[in-house]
Amino acid sequence: MARAAKSTKKPAPSRAAQDSNAQDLDFVLHSLQEEHEKTGRYGASVEEMLHFYEQMLLIRRFEEKAGQLYGLGLIGGFCHLYIGQEAVAVGLQSALTDGLDSVITGYRDHGHMLAYGIDPKAIMAELTGRQAGISHGKGGSMHMFSSEHKFYGGHGIVGAQVSLGGGLAMAHKYREDGGFCLAYFGDGAANQGQVYETFNMASLWNLPIVFVIENNGYAMGTAVKRGSAETEFHRRGTAFRIPGMDVNGMDVLEVRGAAEIAFKHVRDGKGPVLMELNTYRYRGHSMSDPAKYRTREEVQDVREHKDPIEGLKKLLLEQGQTEEDLKAIDKRIRAVVTEAADFSESSPEPAPAELYTDVLVGEY
Amino acid sequence: MARMSADLTEDDIPVSQLEASSRRMNMIEAINDALDIMLSHDPSVIVMGEDVGYFGGVFRATAGLQAKYGKTRVFDTPISECGIIGAAVGMGAYGLRPVPEIQFADYIYPGIDQLISEAARLRYRSAGEFIAPLTVRSPFGGGIFGGQTHSQSPEAIFTHVAGLKTVIPATPRDAKGLLIAAIEDNDPVIFFEPKRIYNGPFSGYYDKPVEPWKNHPDSEVPEGYYRIPLGKARVARSGDAMTILTYGTMVHVAQAVCQAKGVDAEILDLRTLVPLDVEAVENSVQKTGKCLVVHEATRTSGFGAELAALVQERCFYHLEAPVERVTGFDTPYPHSLEWAYFPGPVRIGDAIDKLLEA
């Protein structure tokens, strides 16, 4: 690639040389983190905070309902809930240019779809496997897409979406459309080999991509420290000269603040960034996981002291919103979610003929 | 992209046109020509892979393309097969037409995750919202003393996966037309190039000098753009004594055996395994009443098993003898015993005799 080729000759000195601090060859690797620590939280208006609150609450209520529908047998198979991690998708995606920047993620994808404002009915109907689902019921919980928002899924194979994200970033660069790719994966996926193949290519070719590790502490049932030699995931780009950022993923304003810095770096053509979003999932890995690998007290402690929605609620009350105002939002969200659930239960299943559609483009 | 001419089949190319605007090429040159044409006609076409750019490819299939189209269109990648194919899937979903090269088919396995779980499935699970129109080119097959990691024929792994197409050309003319069709196809295509016949058709007699392509009529390759549609078999030799179903290198070995023995067999070069030209298979076997399947890949669960099953399902009452298979043995591809493994003229000849006597 023409522009990338220049940076392949001697990436380390040339990037560092662009900086005022030319003596510090590793400046780029820690500069974003330093900036993040300096600027901290995003200075949101009350309107923006209310919007974040509403979006996070929608994800939580949607996921609670999905859990109920699963318990009732209306959702089958696999279902990975995003409860506890809401601030990550909302904080990051609020800083994207919708329809320009692309997003790709793993199987815990409901929250990312909802953060786009995609109709909850189409998402819930996908979970219940109905024709009206966003993938006509054939993708299911883990495989949802939206070309309108440049949301490239929804991928069930742990870590496989990261390589696709590299390709999306190459395509942004090739098209010179000014967009970049936001590629999410988890702390478990961070141990897959193909992630590092993509790190290498992304840095080598100076691709516009932000890698986001949603570190929720557990790769299914394996605690991070039992499965990872380096548990400070933001450092894992160092070998590829990708700057890392260590972010509190339980605070939507801190997430958004970090996003501003990371996204600017990428949009300015300075190459990839690796963000570690430290977060927590309250539910099991999937619905069949009783989560016996951690204590109730651990979960309770996070709920009481770090919950992203409660944290923002406190801020909003300080800013002059009343309990009644926020209750009205919750009531509205509950109505939206109930409507989505009713829709997802009453919509028809795909016709048997759908089995053979969209296998190949051409008829065969 | 607008088609510049209609799809061509063997019979459609007027001899006069061939003589007027064609030139002799070996298979490497034909593939290079196809890539050149697609790069020049469609800015969304990208050629990528290990050593395809500066070096021009280990088999020279991409020679000169980076110099002509630049490092943005034709570029070298790290040795990361999974990352290469994964990136190509992402690029394809975003509207590009990447043509990644995997240097040997034997190296494709790290990328299987991406091919099966992502490329083949993206369209289905997004209900047609996203597609993965990549064409993975890869030299395959044996006959070059490559041993077990540079000789394999893994086509059946891919034909077993719904959502992938698998193409294997046997002549320079087909290689060019099929590669253009594959690149323009909106599905992910595995394009296996039989490396034993890159430089000339192979009779199966490894101790005889290699005959160059220029002496073979199918090295006469039309100039410019043309497509050979996926899913159309080619009659490499017409006849009545039996039907030989085969593809790639083995087309030429089978032809040489029939010529040497004076057997009037019909040889169908399948050209694409998925989609398969079931109609051509059915018509030929119903005409001849006998069927021999030949492939280089190992026998058990090989593509020949699928062909044999199809033939008995569709032509059972026309068959005068059980379907015969000549294939590689169920062993890793050997180095020192390559020609014992290779389903060569002796084994093919024996199977033909058996069918003739039946």
Side-chain angles (χ1 to χ4, degrees), chain A residues 1-5 102 104 133-140 142-148 150 152-157 159-175 181 183 192-201 204-205 350 354 357-364, chain B residues 43-44 46 48 53 70-96 98 110-111 113-114 116-134 162-165 185-188 229-231 274-276:
Chain A
M1 318 194 92
R3 269 185 296 165
S102 58
I104 191 162
I134 200 156
S135 296
H136 296 184
K138 299 199 301 185
M142 298 179 275
H143 306 121
M144 297 191 275
F145 302 81
S146 168
S147 51
E148 182 191 348
K150 289 198 176 167
Y152 285 80
H155 297 264
I157 301 294
Q161 77 276 9
V162 180
S163 305
L164 268 66
L168 291 168
M170 288 168 93
H172 280 297
K173 183 163 180 151
Y174 183 78
R175 294 267 198 233
C181 176
Q192 287 277 24
Q194 60 176 301
V195 168
Y196 298 92
E197 296 185 9
T198 306
F199 279 10
N200 184 44
M201 287 189 255
L204 182 68
W205 296 325
E354 276 282 359
T357 61
D358 296 319
V359 178
L360 291 167
V361 177
E363 285 298 312
Y364 169 51
Chain B
S44 66
I46 303 269
M48 60 196 281
K71 290 175 182 169
T72 309
R73 307 284 309 281
V74 180
F75 59 89
D76 295 315
T77 64
I79 298 178
S80 308
E81 285 83 7
C82 193
I84 293 165
I85 294 173
V89 175
M91 293 160 80
Y94 205 83
L96 304 183
D113 183 25
Q114 285 293 339
I116 295 180
S117 298
E118 303 294 336
R121 307 280 157 78
L122 187 62
R123 179 170 167 80
Y124 196 72
R125 68 169 174 252
S126 70
E129 195 157 357
F130 290 113
I131 58 174
L134 65 155
L164 294 177
K165 290 177 177 169
D185 198 279
N186 281 331
D187 287 312
L230 308 186
V274 176
L276 181 68

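To find a chain, count down the sequence lines: A is the first, B the second, and so on, and within it residues start at 1.
- In this structure, OG1 on A/T198 lies 10.5 Å from CD1 on B/I84, to the nearest 0.5 angstrom.
- A side-chain donor from one of A/H155 and B/R125 sits under 3.5 Å from a side-chain acceptor of the other.
- With chain A as partner, the option from B/A93, B/P110, B/A162 having the largest number of non-hydrogen pairs under 4.5 angstrom is B/A93.
- Side-chain N/O atoms of A/R175 and B/Y94 include no donor and acceptor closer than 3.5 Å.
- Taken to the nearest 0.5 Å, the CH2 atom of A/W205 stands 11.5 Å off from the OG1 atom of B/T72.
- For the pair A/S135/B/E129, no side-chain contact is recorded, criterion being any heavy-atom separation below 4.5 Å from C-beta on.
- Most heavy-atom pairs under 4.5 Å with chain B, from the set A/G166, A/G133, A/S146: that is A/S146.
- With a 4.5 Å cut-off on side-chain heavy atoms, B/V89 and A/S163 do not count as touching.
- Of the two parts of B/D113, only the side chain, counted from C-beta on, holds a non-hydrogen atom closer than 4.5 Å to a non-hydrogen atom of chain A.
- In this structure the side chain of A/M170 reaches within 4.5 angstrom of the side chain of B/F75, judged on heavy atoms.
- Residues A/E197 and B/C82 form a side-chain contact, since some pair of their non-hydrogen atoms from C-beta on lies under 4.5 Å apart.
- Of the inter-residue distances, the one linking B/R121 atom CZ with A/I157 atom CD1 reads 9.0 Å to the nearest 0.5 angstrom.
- Here the CG-CD1 distance, from A/L360 to B/I131, works out to 11.5 Å after rounding to the nearest 0.5 Å.
- Contact annotation for A/E148: only backbone heavy atoms (N, CA, C, O) come within less than 4.5 Å of a heavy atom of chain B.
- Counted by atom type alone, B/Q114 and A/Q194 present one or more donor-acceptor pairs between their side chains at under 3.5 Å.
- Taken from CZ in B/F130 to OG in A/S147, the straight-line distance is 5.0 Å, to the nearest 0.5 Å.
- Nearest approach of A/M201 to B/S80, heavy atoms of both residues: CE-CB, 4.1 Å.
- Of all heavy-atom pairs spanning B/A127 and A/D358, the tightest one is C-OD2, 3.3 Å.
- Within the model, atoms CG of B/L122 and CZ of A/F145 stand 5.0 Å from one another, a figure rounded to the nearest 0.5 Å.
- Contact check for B/R123 versus A/V359: no side-chain heavy atoms found under the 4.5 Å cut-off.
- Between B/R73 and A/Y174, some side-chain heavy-atom pair lies under the 4.5 Å cut-off.
- Residue B/L164 touches chain A through its backbone alone, counting heavy-atom pairs closer than 4.5 Å.
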